Amino acid sequence: MDVADIPRVPDWFQGYLESEGIDALYPPQAEAVERGVTEGDNLVAAIPTASGKTLVSTLAMLSSIADGGGKALYIVPLRALATEKNEEFAAFEEYGLDVGVSTGNYESDGGWLAGKDIIVATSEKVDSLVRNDAPWLEDLSCVVADEVHLVDDSHRGPTLEVTLAKLQSLNPDLQTVALSATIGNADELAAWLDADLVDSTWRPIELEKGVHFGDALHLEDGTQSRVPVRGNEDQPAAIVRDTLEEDGSTLVFVNSRRNAESAARRLGSTTEPFCSPAEKEQLTAVADEIREVSDTETSGDLADAVEQGAAFHHAGLARDHRSLVEEAFRDRLIKVVCATPTLAAGVNTPSRRVVVRDWRRYDGTAGGMQPLSVLEVHQMMGRAGRPGRDPYGEAVLVAKSHDELDELFERYVWAEPEPVESKLAAEPALRTHILATVASGFANSRGGLLDFLESTLYAEQTGERGRLETVVDDVIDYLDVNGFLTREGTDLTATNLGHTVSRLYLDPMSAAEILHGLEDAEEPTALGLYHLVSRTPDMYELYLRSGDEEEFTMLAYEREEELLGATPSEFEDGFEDWLSALKTARLLEDWASEKEEDEITERYGIGPGDIRSKVDTAQWLLGAAESLATERDLGLGPDIREARTRVEHGVRAELVDLAGVRGVGRKRARRLFETGIETRAELREADKSRVLAALRGREKTAETILENAGHRDPSMKSVEPDADVTVDDDETDEPTTTQDQSNLGDF
DNA sequence: CTTCGGCCGCTTTAGACAGCATGTC
DNA sequence: CTAAAGCGGCCGAAG
């Protein structure tokens with residue numbers, strides 16, 4: 001289809017497409033237009049990644065905005081994707097459209113999304129906006145749900161499902177466009193959303209799947225190519241080398257962080273000979289940047305690998321590490337990235353070849369190694385082939401025996417992805433969504449609730465109410481008993497507490513746990529509070545290693561006084577979870593006692609990125625705890641606030657005031673304190689040469705900080721550092737004049 | 001007496017959203 | 001209930 005023939009898109013759109021080098025639509029896109037995406041019709045597009053899904057959504061959003069002046073909402077599963085999409089859509093600002101992002105940690109323009117035409121948000125954020133009754137929601141005329149196949153996810157799927165159902169019921173004229181990977185039952189999704197279906201496996205660039213075994217690559221079409229394993233190479237190394245000989249890069253998916261790291265280390269010797277001197281120089285620069293992000297073992301290992309043209313990528317990395325690796329890989333500087341599934345679901349990092357080395361992954365709940373789903377493997381494989389740059393893409397599984405070769409072909413290469421199934425009937429999901437549905441007025445009786453749930457994918461797929469009804473009744477009981485809602489006959493009303501919990505976006509069970517723990521707390525310590533929020537279902541658990549059980553049982557006895565609520569017996573069910581929460585609490589306490597990052601990562605066996613995510617969650621939950629304590633008049637506000645500010649900045653109590661100054665973090669606050677500047681007020685009046693000395697002579701930094709503290713005259717002109725002030729200078733980095741303004745959240 | 005290499009057995013194991021109000025070293 | 005890589009400890013042989 002010619003771009004000129006697309007109905008109802010704004011006039012400038014054709015010019016825009018041409019400027020992007022697009023003169024004809026891909027077949028699935030053309031089919032979407034024929035099904036009426038530009039005319040406000042609902043659509044489910046189940047097509048492979050990188051085959052133009054974004055353009056389908058753009059067609060829908062732009063035509064919908066042009067048609068009635070409404071707004072479009074683009075829902076993504078990850079914050080990183082929200083940023084990526086926002087940057088992509090920012091191109092439309094030139095044509096007079098306003099684009100904004102809204103996620104938990106970032107809201108464009110002070111939260112005033114009302115004036116935006118296109119809003120990008122995570123599903124949880126949209127859910128929260130619906131709960132808080134954001135006024136602009138009624139102006140929505142188009143909603144796009146990216147990666148809808150994630151409704152299958154037991155943890156986060158139900159949120160997406162409920163949110164889409166709520167948006168549709170808020171505004172029956174709303175156009176819904178759902179983008180999905182190729183799945184077994186796209187027709188069911190279409191039926192649920194009352195949408196037309198475009199179901200296609202068409203790709204703009206050929207993808208050949210295959211299995212490597214012995215010295216050969218066995219491809220889907222029956223052909224084989226020789227990819228011999230030489231010397232002490234393993235199979236992935238042989239494939240990576242073979243790809244490099246054609247000047248292509250490789251993405252290797254493995255099943256654990258440790259495997260990713262060790263595979264990257266090994267592959268370094270394969271990639272190094274293929275890096276030109278100029279590339280080596282650039283790689284060294286990237287490696288230096290990586291070392292600067294964090295002073296930990298993980299960081300150093302990554303930098304070492306990068307110097308050789310290899311890298312690993314997993315969730316233990318800091319956000320900056322990840323984006324440095326992704327960027328260098330896209331620039332073809334890094335030749336191979338060994339990754340856990342983070343990269344398959346995350347931002348766009350295509351590669352000539354993809355190797356799926358491990359096809360089984362440990363799963364504690366299933367009691368051992370479990371095969372990956374076809375959908376997941378296909379998603380990884382779909383990363384092969386960069387449109388417009390590679391002639392084709394190849395995705396390869398690795399077999400160690402002839403039997404495995406056959407099995408992999410059967411199981412993944414020729415297999416259809418499994419159908420997507422709603423996980424809404426699980427109790428934890430319903431707990432939070434039922435409360436929210438009642439609190440935000442979507443339903444005010446048992447019947448109303450069931451009617452609403454009737455509009456979800458779950459109802460579409462099961463057809464019978466029985467199972468759902470039982471769970472719903474259990475959940476209503478739970479919410480009633482814990483004081484989140486009240487029942488009168490079949491009528492349901494959310495209590496004040498219920499409203500608060502729903503607004504705070506807290507799992508009701510977390511709220512109950514927190515309230516229960518706070519109720520008879522008199523002077524809660526930081527550790528006690530950290531433990532309380534750590535044992536909440538909203539906090540992701542740390543793994544207990546061998547020896548940990550003993551260590552933390554001891555700690556539990558030593559500091560029993562501080563721990564809130566009853567200490568469970570060692571033989572009780574749930575004792576392990578309780579201990580694991582204690583481990584998390586201890587980690588947070590260490591962080592809030594100014595323990596060094598590398599000491600923490602080593603002690604708890606985690607990566608720098610993990611500290612950040614724990615700290616983030618704790619901060620959020622303590623904020624919620626403070627609201628709950630206020631709501632209940634428990635008078636613990638100051639204690640909770642102090643614990644929260646301490647984790648937020650990673651400092652002891654005496655530095656909380658100083659660390660609150662913009663530009664002053666845990667390290668600078670400590671150094672200022674050591675020189676006798678102990679509070680924000682003292683900093684405001686401080687002797688400048690003293691401040692400069694405390695900051696080890698960095699004038700620009702000192703000026704910024706004094707300005708932020710409200711100093712009368714922050715200028716550092718002709719100020720010399722006070723020679724009497726000594727600061728411990730354990731860091732080796734050169735005084736920088738470049739102001740690195742990445743933030744704590746990027747850490 | 002020290003050092004190196006190989007083998008055996010024990011240990012460990014993916015991911016990451018949200019309130020609110022602003023930003024490290 | 002299922003696996004497999006990596007690492008540390010141990011042992012023996014070589015230096």
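Just so it is clear, the model here is predicted, and its values are computed rather than measured. Residue numbering restarts at 1 for every chain, and letters A, B, ... go by the order of the sequence lines.
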Remember a base hit wins even if backbone is also touched, and classify [X] as base, sugar-phosphate or nothing at under 4.0 Å, heavy atoms.
| X | answer |
| --- | --- |
| Ser123(A) | nothing |
| Leu78(A) | sugar-phosphate |
| Val254(A) | nothing |
| Gly663(A) | sugar-phosphate |
| Ser613(A) | nothing |

_Contiguous pairing runs of three or more, Watson-Crick or G-U under 3.5 Å, that involve DNA chain C_ = B:1-13 with C:3-15

*asked:* Within the 4.0 Å limit for protein heavy atoms, which parts of nucleotides 3-9 of chain C are touched? Write it as a string from 5' to 3', B for base, S for sugar-phosphate only, - for none.
replied: BSBS---

*asked:* Using a strict threshold of under 4.0 Å (side-chain N to carboxylate O), is an ion pair present between Lys667(A) and Glu596(A)?
replied: yes

*Salt bridge or not for Glu261(A) and Arg257(A), using N-O below 4.0 Å?*
no

*Side chains of Tyr505(A) and Asp127(A): donor-acceptor distance under 3.5 Å anywhere?*
yes

*How many Å lie between NE2 on His155(A) and C1' on dG15(B), as a whole number?*
10 Å

*Do we see Tyr505(A) stacking on the base of dG19(B), given a limit of 5.5 Å between centres and 30° between planes?*
no

*Of all residues at least two apart in sequence or in a different chain, which pass the side chain to side chain contact (heavy atoms under 4.5 Å, CB included) check with Ser613(A)?*
none

